[in-house]
Each structure stands twice: as structure tokens, then as C-alpha cells.
Amino acid sequence: MNLASLTISEIQEGFRAKTFSPVDLLRALELRIESAEPTIQAFLSRDFHEALKRAGQADVSLPLGGIPIGIKDVITVKGQPCTAASKILRGYTAPYDATVITRLKAAGAIPFGRLNMDEFAMGSSTENSAYQVTRNPWDTSRIPGGSSGGSAAAVAAREVPAALGSDTGGSIRQPAALCGCVGLKPSYGRVSRYGLIAFASSLDQIGPIARTTRDCALLLNAIAGRDPMDSTSLDRPAEDFTAGLGRDLKGVRLGIPKEYFVDGMDAGVRAAVESAIKHCADAGAELVDISLPHTEFAVSVYYIIATAEASANLARFDGVRYGNRADAPKDLMDLYLRTREEGFGSEVKRRIILGTYVLSSGYYDAYYLRAQKVRTLIRRDFEAAFEKVDAIVCPTSPDVAFPIGERTNDPLKMYLADIFTIAANLAGICGISVPCGFVEEGGKNLPVGLQFLGRSLDETRLLGIADAYERASGWSRQTAPA
Ligand code: GLN
């Protein structure tokens with residue numbers, strides 16, 4: 001049995017039956033990491049000995065007892081580095097656990113490794129990391145998606161059974177789609193962001209990337225819930241997110257938004273998604289044509305609101321309190337300016353400049369205020385749609401994974417990678433990407449993701465629908481060649 005390719009549920013069976021132990025599992029993963037990492041480069045760092053110690057003491061009777069979980073480098077784990085893949089935080093060690101980490105540990109899981117990402121989660125390819133380029137395990141000449149590209153690549157490359165990522169405009173769902181994994185963005189307020197380095201606070205959510213929908217539900221069970229340390233986390237009674245799993249699609253009403261089948265979409269992606277939707281209909285789902293009329297504004301609205309919030313959030317990296325500081329500053333202003341000049345990469349600077357501009361007096365009403373109003377219209381589009389349907393089904397990404405370097409000089413083209421994922425963050429609803437087939441290019445199979453979107457706080461139903469599709473279609477759990 002290859003322990004490195006098991007799902008969380010299969011690992012739990014193995015632990016229960018005493019076929020293998022948490023230490024056996026961790027050793028198998030470390031071996032796999034040693035052979036895969038020279039090419040994949042998903043990990044910025046990892047502490048195998050610390051993880052091994054935890055595995056030795058793991059209590060497998062706990063919900064995630066002895067399960068190693070990779071962590072995106074934007075979520076703090078006490079005593080471990082946390083850089084958000086930025087030079088400005090090189091050498092920084094987190095002094096406390098994020099709430100999701102406290103909860104994972106309480107559930108018995110082992111946070112294992114720091115996973116690469118776009119700097120401060122700004123990007124769609126992980127190429128904006130200040131440290132390394134992560135490769136897609138399906139074709140190592142291509143990007144893994146982003147910004148949680150390290151999380152998705154590590155799961156696809158069988159280096160960890162699951163990982164945590166963060167999703168501000170698609171950063172969990174898009175890399176999951178491009179690497180053939182399942183990725184869940186919970187509803188806004190479902191999961192505490194205490195200990196998540198903030199990018200855009202009205203959009204950010206933490207969520208899982210795993211091999212199956214069931215595994216995502218298990219992880220959500222562990223991390224969800226009200227946290228007094230994050231005032232935006234919602235107070236909801238504890239829910240078992242696996243409760244909707246194991247059903248079929250009979251009678252499920254699925255909305256097909258016409259605005260999500262646009263010109264310019266990759267023909268192979270369109271074919272895979274259309275055949276997946278037909279599969280849902282054949283399995284008993286009722287397809288309903290819907291319209292989300294303000295979709296065309298989502299990318300523009302996002303790049304105003306996200307940059308505005310980022311410019312405020314990133315003001316704290318000034319060389320005084322965290323991470324790196326410029327050498328021998330002349331005075332305080334020189335310290336601020338050089339620290340930020342040397343510490344931030346060009347995409348991060350671009351966002352700070354854009355965000356400062358849209359918030360500046362004279363432009364605030366024309367950009368920021370107007371974007372907030374259109375955001376409300378986008379949210380209302382979804383509310384109207386969910387009167388008619390249980391979930392919306394559409395592509396996750398307009399393209400399959402693209403070659404490394406192809407879009408690095410074309411920010412606008414890079415921004416369009418999230419055209420189908422961004423609206424869910426603006427509306428605060430939940431969304432999941434599950435594998436739905438492949439496009440063959442240059443002799444390689446490149447995964448395609450199918451996205452289901454659900455009402456705010458309707459994760460149990462959303463996971464049930466995604467799980468029903470996943471089991472009926474059989475596209476999950478295919479093994480990447482690298
Ligand atoms: N790609 C989008 C961006 O660059 C979304 C990133 C994210 O979800 N963190 O902002």
C-alpha cells in the first residue's frame with residue numbers, strides 16, 4: 001500500500017485497524033517529499049523531527065488524530081517561520097498559533113510544513129513567491145495555480161494528504177482545479193482568520209485543499225466556528241459538515257449561469273465542464289438556466305476593493321515591528337521607505353499603489369464607493385439565484401494550468417484567471433472545486449475543475465452535492481505523473 005496517496009478517511013481506517021501508525025505515515029510522506037521536492041518545490045520549509053515527535057504521541061481516537069496537514073505560509077504556527085512568501089518577513093518566527101492551528105491540534109492533526117504561495121496571496125500562479133517557483137505535478141513545466149499553489153501541488157504530488165490554503169478571490173479553488181484536487185472556500189465568517197496574515201479582510205477565508213470532498217468536510221469540521229479573537233467569525237451551532245455526504249443528485253436543482261460560459265474560455269475546459277453538467281443531469285439533477293447579470297463587473301470591483309484593503313493591511317510592514325529592516329537607515333522615513341522598497345515584490349507594490357489611489361480623496365467616490373455599491377448588486381444577483389436553485393454549477397477557471405513564465409509580464413491576463421471565482425468572495429458565499437476531467441496538451445493530461453457555489457453558510461448541502469458528483473463521476477483521485 002502506498003501510504004502517501006491515501007485520503008484522510010483511508011488513513012483513519014488504517015490507523016483504526018492498526019495496519020500502520022502515524023509514525024509510519026509520516027515517514028512515508030517524508031520519503032515521498034525527498035524524491036518529489038527537488039522538482040515540485042511546494043515546501044518553503046518543514047520540521048520533520050517536530051512532526052515526527054507529534055506523530056509518536058498522536059491520539060488516533062481524536063477526529064484528525066495523527067493526520068499531517070500542510071500549511072500555507074500565511075497562517076501562523078507557533079515557533080515556525082511564517083513569511084507569506086515575502087522577503088519582508090524572511091526570518092520571522094510566529095509567536096502564536098492561528099485559531100485554525102489551535103483547532104487542528106485539538107483535533108489531533110499535525111501541522112506539517114510551510115507551503116509556498118504568491119507573495120501575500122497576491123497572484124494566480126505562485127510565481128510571485130519571493131523564494132521559489134512551484135511546479136504542477138501534472139506537467140512540471142506549468143504553474144500549479146495560486147495563490148495557494150504550494151498547498152495544491154503538495155496534495156497532488158502526494159507529499160501531504162491535505163493542506164490549508166486561503167481564498168480571497170479564488171486562491172483555494174483555482175489551484176485545486178489546476179492540480180486535480182478538491183478545494184473548499186467556506187462562507188465569509190465560517191472560519192476564524194486570527195493568525196492569518198491579512199490581505200483583504202472583507203474577502204479572506206481559510207479553507208482546505210484535499211483529495212476528496214469528504215476530506216474537506218472533515219477538515220471544515222475541525223476548523224469552523226466562532227472565535228472571540230476574530231469578530232467577523234459567526235456564532236453558529238456546531239454542525240457536522242459530513243451530514244450531507246453519501247447521497248445522490250436526484251431532485252437537486254443546479255443553476256447554470258449564462259455569464260460563466262464566455263468567449264475566450266479554453267475549448268477543452270468548456271467541453272469538460274459541459275459534459276460534467278450533463279453528467280449531473282443524467283444523475284437526476286434538475287438544470288435551471290439562471291443569470292447573474294453583474295458578473296462582468298466582478299473582476300474590476302475585486303481589484304478596487306482587494307487592493308484598497310491590502311494597502312491598509314500591508315501598512316504594518318514598516319521595518320519597525322515585524323520581519324526585515326533596511327540596514328543603516330539615515331532617519332525614520334528612510335527606514336520605512338527602504339524597508340518596503342527592498343522587502344516587497346513588484347506585484348505587492350502594484351497592489352499597494354492601486355489601493356492607495358482608489359482610496360485617495362477625489363477618487364474615493366469614483367472608485368471605492370462605487371465598487372462597494374456594485375458589490376451589493378453582485379451579492380443580490382446570488383440571493384435572487386438561490387431562490388430558484390440549491391447550488392450553482394460552473395467552471396472554476398477559464399483555462400488549464402499555463403506554462404511557467406507565460407503571464408508574468410501581463411498582470412491583466414493574470415487577473416483574469418480568477419474571473420469565475422472572485423464573485424463568491426465578493427458575495428461572501430461558499431464554493432468548492434472538484435475535478436471533472438482533463439485537457440490533453442503536449443502529451444500531458446491537465447486537470448479541469450468544476451465549481452459548485454452555495455448560499456452563505458450552506459456548506460453541508462454544498463459538500464453533499466459536490467460529493468455526489470465526485471463519486472458519480474470518478475474524476476478524483478487520479479494520480480499525477482510527477
Ligand atoms: N488571484 C487573485 C489575486 O491575485 C486572488 C488571490 C487570492 O484569492 N488570495 O488577488
Side-chain angles (χ1 to χ4, degrees), residues 71-75 84-86 115-129 134 143-152 163-179 183-188 191 193 196-209 298-311 313-314 344-355 358 371 375 396-399 401-402 406-408 410-433 449 451 453:
I71 309 295
K72 185 178 183 180
D73 197 37
V74 72
I75 299 169
S86 180
L115 293 167
N116 198 25
M117 54 183 283
D118 287 297
E119 184 178 3
F120 286 106
M122 297 172 183
S124 301
S125 69
T126 309
E127 291 164 296
N128 292 339
S129 167
T134 298
I143 56 102
S147 64
S148 312
S151 300
L164 290 187
S166 65
D167 191 313
T168 305
S171 279
I172 288 175
R173 291 160 287 158
Q174 185 258 18
L178 271 40
C179 288
L184 170 73
K185 183 200 91 72
S187 311
Y188 191 73
V191 178
R193 289 97 46 87
L196 171 73
I197 296 178
F199 164 8
S201 307
S202 76
L203 301 161
D204 299 339
Q205 268 292 294
I206 296 173
I209 294 180
V299 172
S300 322
V301 166
Y302 172 86
Y303 277 95
I304 293 171
I305 292 176
T307 57
E309 294 182 12
S311 71
N313 276 324
L314 271 57
F344 289 137
S346 56
E347 182 60 29
V348 174
K349 287 177 184 155
R350 182 179 297 125
R351 306 273 179 123
I352 294 172
I353 292 168
L354 274 171
V358 299
R375 179 179 190 172
T396 307
S397 160
D399 298 300
F402 46 88
E406 188 189 81
R407 300 193 186 171
T408 32
D410 190 347
L412 207 55
K413 199 153 184 217
M414 192 73 96
Y415 293 175
L416 289 175
D418 292 310
I419 180 166
F420 299 142
T421 47
I422 272 173
N425 302 73
L426 291 169
I429 62 176
C430 53
I432 188 166
S433 180
Q451 180 174 228
L453 299 172

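Ligands are counted one by one from 1 in listed order, and the atoms in each one are counted from 1 as well. Every heavy atom of this structure was used, including side-chain atoms; hydrogens, water molecules and symmetry mates were not.
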Engineer: A side-chain contact here means heavy atoms from C-beta on lying under 4.5 Å apart; do Arg173 and Asn425 qualify?
Structural biologist: yes

Engineer: Report the part of Phe120 (side chain from C-beta onward, or backbone N, CA, C, O) that has a heavy atom under 4.0 Å from ligand 1; answer both or neither where that applies.
Structural biologist: neither

Engineer: Does either side chain, that of Tyr415 or that of Arg407, offer a donor lying less than 3.5 Å from an acceptor on the other one?
Structural biologist: no

Engineer: Could you tell me the residue and atom name of the protein heavy atom closest to atom 5 (C) of ligand 1, and the distance to it rounded to 0.1 Å?
Structural biologist: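 So the nearest neighbour among protein heavy atoms is Tyr302 OH, 3.2 Å.
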
Engineer: Go through ligand 1 atom by atom and flag the ones less than 4.0 Å from a non-hydrogen atom of Ser124.
Structural biologist: 1 (N)

Engineer: Please identify which atoms of ligand 1 are closer than 4.0 Å to at least one heavy atom of Tyr303.
Structural biologist: 2 (C), 3 (C), 4 (O), 10 (O)

Engineer: Will you find, in the side chains of Ser124 and Gln174, an N or O donor that is under 3.5 Å from an N or O acceptor?
Structural biologist: no

Engineer: Mind checking whether Ala306 has a heavy atom under 4.0 Å from ligand 1?
Structural biologist: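 Contact check Ala306 vs ligand 1: negative.
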
Engineer: Of all the atoms in ligand 1, which lie at a distance below 4.0 Å from a heavy atom belonging to Gly123?
Structural biologist: 1 (N), 2 (C), 3 (C), 4 (O), 6 (C)

Engineer: Fit a plane to each ring of Phe344 and Phe120, take the angle between them on a 0 to 90° scale, and name the class: parallel (under 30°), tilted (30 to 60°) or perpendicular (over 60°).
Structural biologist: perpendicular

Engineer: Go through ligand 1 atom by atom and flag the ones less than 4.0 Å from a non-hydrogen atom of Phe199.
Structural biologist: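 Contacts of ligand 1 toward Phe199, numbered from 1: 9 (N), 10 (O).
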
Engineer: Would you compute the distance between atom OG of Ser147 and atom CG of Asp73 and round it to the nearest 0.5 angstrom?
Structural biologist: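 One finds 11.5 Å between OG of Ser147 and CG of Asp73.
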
Engineer: Does only the side chain of Arg351 get under 4.0 Å from ligand 1, or the backbone, or both, or neither? Count heavy atoms.
Structural biologist: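 Side chain only; the backbone of Arg351 stays clear of ligand 1.
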
Engineer: When you look for heavy atoms under 4.0 Å from ligand 1, do you find them on the side chain of Tyr415, its backbone, both, or neither?
Structural biologist: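 Near ligand 1, Tyr415 shows nothing, with every heavy atom at 4.0 Å or more.
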
Engineer: Can you tell me which residue and heavy atom of the protein come closest to atom 7 (C) of ligand 1, and the distance to 0.1 Å?
Structural biologist: Ser171 OG, 2.4 Å

Engineer: Can you tell which of Gly169, Ala200, Ser147 gets a heavy atom nearest to atom 8 (O) of ligand 1?
Structural biologist: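 Considering heavy atoms of Gly169, Ala200, Ser147, the nearest to atom 8 (O) of ligand 1 sits in Gly169.
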
Engineer: Given Asn128, Asn425, Asp418, Val299, identify the one with the heavy atom nearest to atom 2 (C) of ligand 1.
Structural biologist: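 Of the listed residues, Asp418 has the closest heavy atom.
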
Engineer: With heavy atoms of Met122 as the reference, note each atom of ligand 1 found under 4.0 Å away.
Structural biologist: 4 (O)

Engineer: I want to check something: taking the side chain as every heavy atom from C-beta on, are Met122 and Leu314 in contact at a cut-off of under 4.5 Å?
Structural biologist: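 Yes - at least one pair of side-chain heavy atoms lies under 4.5 Å apart.
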
Engineer: Say whether Lys72 and Ser151, considering side chains only, have a donor N or O and an acceptor N or O under 3.5 Å apart.
Structural biologist: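 Checked: Lys72/Ser151 side chains show no N/O donor-acceptor pair below 3.5 Å.
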
Engineer: Looking only at heavy atoms, is any part of Ala121 under 4.0 Å from ligand 1, and if so is it the side chain, the backbone, or both, or is it neither?
Structural biologist: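 Both of them.
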
Engineer: Got a second to check how far Ile206's CD1 is from Ile75's CD1, nearest 0.5 Å?
Structural biologist: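 It comes to 4.0 Å.
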
Engineer: Counting only heavy atoms closer than 4.0 Å, does ligand 1 sit against the backbone of Thr168, its side chain, both, or neither?
Structural biologist: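 Both backbone and side chain.
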
Engineer: Quick one: pull up CD in Gln205 and NZ in Lys185 and give me the separation to the nearest 0.5 Å.
Structural biologist: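 Rounded to the nearest 0.5 Å, the CD-NZ separation comes to 5.5 Å.
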
Engineer: So, do Pro398 and Leu416 sit near enough that their side-chain heavy atoms are less than 4.5 Å apart?
Structural biologist: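 When only atoms from C-beta onward are counted, Leu416 and Pro398 do not touch, as no gap falls below 4.5 Å.
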
Engineer: Does any N/O atom on Asp167 come nearer than 3.5 Å to any N/O atom on ligand 1?
Structural biologist: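 Among all N and O atoms of Asp167, none is under 3.5 Å from an N or O of ligand 1.
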
